[in-house]
Amino acid sequence: MEDNDLLKVRREKIAALKAAGIDLYPNDAKPQNTTAQILDEFGHMESENLAELSQKFSLAGRLMAVRSFGKAAFVKIQDRKGQMQCYLAKNVLSEQDFSLCKKLDVGDIVYVSGKLFRTKTNELTLEAQSLRLMAKSIHPLPEKWHGLTDIETRYRQRHLDLIANPAVREIFIRRSLIIKLMRQFMDRHDFLEVETPMMQPKAGGAVARPFKTHHNALDQDFYLRIAPELYLKRLVTGGLERVYEINRNFRNEGISTFHNPEFTMMEFYQSYATYEDLMSFTEELFCFIAENVFGGFTFTYQGTQIDLTPPWRRLSVRDALIQIAQMDPDDLTDPGKAIAFARKTGCDVKETDPLGKILMAVFDERVEKKLVQPTFVTHYPVAVSPLSRRSGADPDLVDRFELYISGREIANAFSELNDPADQRERFLAQLKEREAGDDEAHEMDEDYIRALEYGMPPTAGEGIGIDRLIMLLTDSASIRDVILFPLLRNKQE
RNA sequence: GGGCCGUUAGCUCAGCGGUAGAGCAGCGGACUUUUAAUCCGUUGGCCGCGGGUUCAAUCCCCGCACGGCCCA
């Protein structure tokens, strides 16, 4: 417990304020303006015109700076929209308000009302006619010039980060805008937003390790979902035809600059569409967002210019392996050669692994990073796609794509497998892999197969990793910079 | 899980074998147009935690905790 001189001084101030009859935490002031709104509206008005305004303005927010003179002070107030300077003067404020002004600390929440004027240096400033304390701050804020840079403190005490670092606030405002735009786009295309279970008896719909939890009253284990897929497809079977969900998935895996154990996905399903339809749909969605965020289709991510102008490059897994990973066409069909190549490139593959899985290991190792400009990778092996529809031209491939931008997977989509017999076979193949030691392989899900047996319309579905998309569009190097409260190890006192 | 780096005042950082420094913040004083206000004075530290080496450790060594980056 922190108990230094700074806190002692604050506690003494609090006692003095209380003794003077001042409520430290009132809730009866309603600011009529915001900083940015005043600056936008009156920022260009001349001094003479400002003086003629009869209007009174009121602001509330956090005191970010105090430049105090004997009988007057300039202060900076920060609200949700930005910062604005206010002037507190002895000959304008009541005696009581001016004495309050002398007791305020940087970090306090205050309310001011008064009129606008321009200072000698021409800064639009609110001259306070009244001043109120709205919430007392006990702890000192981070330093005014360098702000808060300690990464651990920024994540553990995000409130401080948001107070001290305006750029951080901007990232989360943009995050909200992007998600709003996604909803707008989906709604315009007649998709229905739904919510499906986070707690599932089986963690299906993806290949990943789940978190386990327990329901006491039912005395039953549940898994936090690794994907909403199987539930969303039940809704399509139920006739909802076009659905989407924006929500959290949970994967019990390592943490890195691109992985948080809980992350946000938009997953959506459209009946009577194919994975090829979703490619152009994705291009349109991303362009719609970029247009609204940047006013164009290009942006810079970590020093590299990314161009979203459609159409995006389309590349089959086979071509990628030959052209980028420099595999020989024979390596792609001969499991022995494929394993040899994979091991040579440093992949940890087993003799029992299906060929498709070995090829994708090479892809992850050799190709992924090199797909910088938006690229749809297509024609995935059936072995790594237990829920995708087989390709008409080649039953060993599926109608699926993954979208790569800046060397990272951003989206995964496919024409859905709606043949219940084939689905059962795929689950059985996954069970074999599970028996061979792959604890991420998909489980058998009879209940899901039964739903398919009622007939699911032909459908294509897609998942978009929202955190990663937002990293791109905010030029953030770490996923923790776009998640308000990233998972951290508990720190014991 | 492995490698490298970090942890010193509320914040941002110096110091790296001889017992703790700066700027900002704070406190006291001056000041009614400042813009990181200025000027004078001043308080503040289990130098992440635990061992070891040494006459002496914030500094060197080992372990632990937390974090960062890279790799799996």
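A, B, ... follow the sequence lines: proteins, then strands. Residue 1 opens every chain.
A sub-4.0 Å separation between OP1 or OP2 of B/G67 and a side-chain N or O of A/R156 is present. The phosphate of B/C27 (OP1 or OP2) has no side-chain N or O of A/R10 nearer than 4.0 angstrom. Considering only side-chain N and O atoms, A/T119 lies nowhere under 4.0 angstrom from the phosphate OP1 or OP2 of B/U34.
For residues 24-53 of chain A, the set of pairs meeting the salt bridge (charged side-chain N to carboxylate O under 4.0 Å, His left out) definition, not counting sequence neighbours, comprises A/D28-A/R132.
Between A/H442 and A/F427, the distance separating the two ring centers is shorter than 6.0 angstrom. Proximity of the aromatic rings of A/F363 and A/Y404 is defined here by a centroid distance below 6.0 angstrom, and this criterion is met. Between A/Y87 and A/F74, the distance from one ring center to the other falls under 6.0 angstrom.
A/E267 contributes atom CD, which lies 10.0 Å from atom CD1 of A/I464 (distance to the nearest 0.5 angstrom).
For A/E123 and B/U33, a side-chain-to-base donor-acceptor distance below 3.5 Å is absent, hydrogens and geometry of angles not being considered. A/Y87 contributes no side-chain N or O that forms a donor-acceptor pair with the base of B/U34 under 3.5 Å.
Across B/C55 and B/G17, the matching C1' atoms stand 12 Å from one another, rounded to whole Å. Look at the C1' atom in both B/G6 and B/C47: the space between them is 14 Å, to the nearest Å.
For A/E365 and B/C71, the CD to C1' distance is 10 Å, given to the nearest whole Å. The CG atom of A/L488 sits 11 Å away from the P atom of B/C66 (whole-angstrom rounding). When the P atom of B/C11 is taken as reference, atom CD of A/E152 falls 12 Å away, rounded to whole Å. When the P atom of B/G67 is taken as reference, atom CD1 of A/I151 falls 12 Å away, rounded to whole Å. Put simply, CG on A/D161 is 20 Å from P on B/G10, counting in whole angstrom units.
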So which protein nitrogen or oxygen atoms get under 3.5 Å of nucleotides 37-40 of chain B's nitrogens or oxygens?
unit_1 : atom_1 : unit_2 : atom_2 : d
B/A37  : OP1    : A/K144 : NZ     : 2.4
B/A37  : OP2    : A/R67  : NH1    : 2.6
B/A37  : N6     : A/S68  : O      : 3.1

Give me the distances for all protein-to-nucleotides 45-48 of chain B N/O pairs that come in under 3.5 Å?
none

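Between A/R366 and A/F341, the closest side-chain pair of non-hydrogen atoms falls below 4.5 Å.
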Subject >> Intra- and interstrand pairs of RNA chain B - dot-bracket, Watson-Crick/G-U under 3.5 Å, | marks other strand >> reply: (((((((..((((....[..)))).(((((.......))))).....(((((..]....)))))))))))).

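Residues passing the side chain to side chain donor-acceptor pair (under 3.5 Å) test with A/S256, sequence neighbours excluded: A/H259. Residues that satisfy the side chain to side chain donor-acceptor pair (under 3.5 Å) test with A/T378, not counting sequence neighbours, are absent from this structure.
Each of A/Y275, A/F286, A/W312 was compared with A/F376 under the ring-ring contact (aromatic ring centres under 6.0 Å, His included) criterion, and only A/W312 meets it.
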